[in-house]
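Worksheet: one structure, shown below.
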Amino acid sequence: MHPFTYVKATSAAEAVRAITAAGSGARFLAGGTTLYDLMKLNVETPSVVVDINSLAELSNFDTSGSEELIFGALCRMSDVAADARLMRDYPALSESLLAAASQQLRNMASLGGNLLQRTRCAYFRGGEPFACNKRKPGSGCSAREGINRGHALLGASEDCMAVYPGDWATALAVFDAMVDVLGPKGQRTIPLQQLHREPGAAANIETNLDYNELILRIRAPVTPLGRASTYFKIRDRESFAFALASAAVALQMDGDIVRDVRIAIGGVATRPWRARGAEQALLGRPLTERTARASGDAALQGAPATVDNRFRIELCARTVAETLMIAKRRALAR
Ligand SMILES: Cc1cc2nc3c(=O)[nH]c(=O)nc-3n(C[C@H](O)[C@H](O)[C@H](O)COP(=O)(O)OP(=O)(O)OC[C@H]3O[C@@H](n4cnc5c(N)ncnc54)[C@H](O)[C@@H]3O)c2cc1C
């Protein structure tokens with residue numbers, strides 16, 4: 001057990017002040033389902049933990065606005081997943097939360113913490129003696145020559161091929177969500193698609209957030225595409241498992257023709273991945289089993305694979321195709 005100091009913040013400003021004073025070895029604590037997990041594995045060893053759970057200002061969400069959906073960073077996954085308006089008008093968002101973890105975890109886990117969850121790569125979580133540039137910069141990547149069946153097809157580098165595992169961020173990617181953060185210099189907004197970084201040569205730097213920036217809320221513009229949206233996740237077992245491949249789709253049709261479509265894929269990339277090539281492949285065309293599959297192929301086009309993870313190129317292409325057909329049924333039913 002590594003000793004650490006526990007600080008309970010009572011406002012967002014106080015939380016930012018406390019973590020800034022503590023330095024880059026400190027961490028915010030929300031539900032703790034990632035942070036405590038990694039502390040028990042000795043992968044995270046914070047000197048100070050700043051508990052943000054008392055920040056009422058971060059704990060509400062509003063899906064009734066005419067311009068945007070607003071989700072406080074401390075909202076619990078289960079509360080948001082069960083929101084009737086979200087289930088009706090933005091099913092992809094609700095489904096992505098429900099497809100994650102277990103009911104007990106969703107009751108505890110926050111939306112902000114969910115965005116910042118860390119990879120499930122066994123070499124990252126396993127600690128010594130495994131090499132991991134993310135955990136220990138410069139040590140290498142055991143996954144490269146190791147068991148990499150679940151590792152990234154997209155966005156990987158020589159230094160790191162760990163997958164970004166979250167479901168919610170993948171669904172948010174199709175809705176052009178934005179993330180409001182508070183730091184010592186004030187508030188700023190980061191497009192969700194720019195929150196996470198590809199590993200490149202600095203696998204330990206996973207986001208474009210500073211250690212002392214607090215996620216306040218996530219916002220997504222209101223769009224008619226939400227109604228015919230869906231999140232579909234393929235995993236090794238039916239529930240309580242991370243994605244081998246997943247897709248989020250939001251769709252608008254004119255008869256049989258795709259008027260607008262947004263596609264993101266999960267479980268296969270080092271960050272939440274908007275599949276713009278797959279969208280282009282469909283725009284203005286009829287949506288059929290064949291064109292849906294071509295769109296799935298476009299999502300993975302040129303993805304370099306290893307012997308172990310190659311099967312997930314086909315799996316993900318099929319997942320995209322299936323997700324599109326589910327969204328089409330929803331679009332036609334409205
Ligand atoms: C067994 C298990 C299975 C899981 N399965 C899935 C799954 O299938 N799909 C899926 O998507 N997720 C899954 N998860 C991940 C889970 O959803 C996340 O652990 C959870 O959402 C993290 O939220 P939290 O509030 O507990 O975060 P915490 O653990 O409290 O924090 C996580 C990280 O975010 C930082 N942080 C938290 N809140 C803020 C904030 N407001 N601003 C800045 N930094 C912040 C913390 O400092 C920490 O680094 C699983 C987790 C477990 C343990």
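Small disclaimer: the values here were computed from a predicted structure and weren't measured. Order of appearance sets the numbers: ligands from 1, and atoms from 1 within every ligand. Any value given below was found using the heavy atoms of this structure, including those in side chains, with hydrogens, waters and symmetry copies removed.
Listed by chain and residue number, the protein contacts of ligand 1 are Arg27, Phe28, Leu29, Ala30, Gly31, Gly32, Thr33, Thr34, Leu35, Ile52, Ala73, Met77, Ala100, Ala101, Leu105, Ala109, Ser110, Gly113, Asn114, Leu116, Gln117, Gly166, Asp167, Glu213, Leu214, Ile215, Lys233, Phe240, Ala241, Phe242 (heavy atom within 4.0 angstrom).
Looking at Asp83, its side chain never comes within 3.5 Å of a backbone N or O of Val80 through a donor-acceptor pair.
Salt-bridge annotation for Arg293 and Glu289: absent, with no side-chain N of the basic residue lying under 4.0 Å from a carboxylate O of the acidic one.
By the salt bridge (Lys or Arg N to Asp or Glu O under 4.0 Å) test, Glu213 is found to be paired with Arg188, residues two or more places apart in sequence or in another chain being considered. Annotation: salt bridge (Lys or Arg N to Asp or Glu O under 4.0 Å) contacts of Arg125 (sequence neighbours excluded): Asp37. With sequence neighbours excluded, the residues forming a salt bridge (Lys or Arg N to Asp or Glu O under 4.0 Å) with Glu95 are Arg330, listed by chain and number.
Using the six-membered ring where Trp is involved, Tyr123 and Phe130 have ring planes that are perpendicular, over 60° apart on the 30 and 60° scheme.
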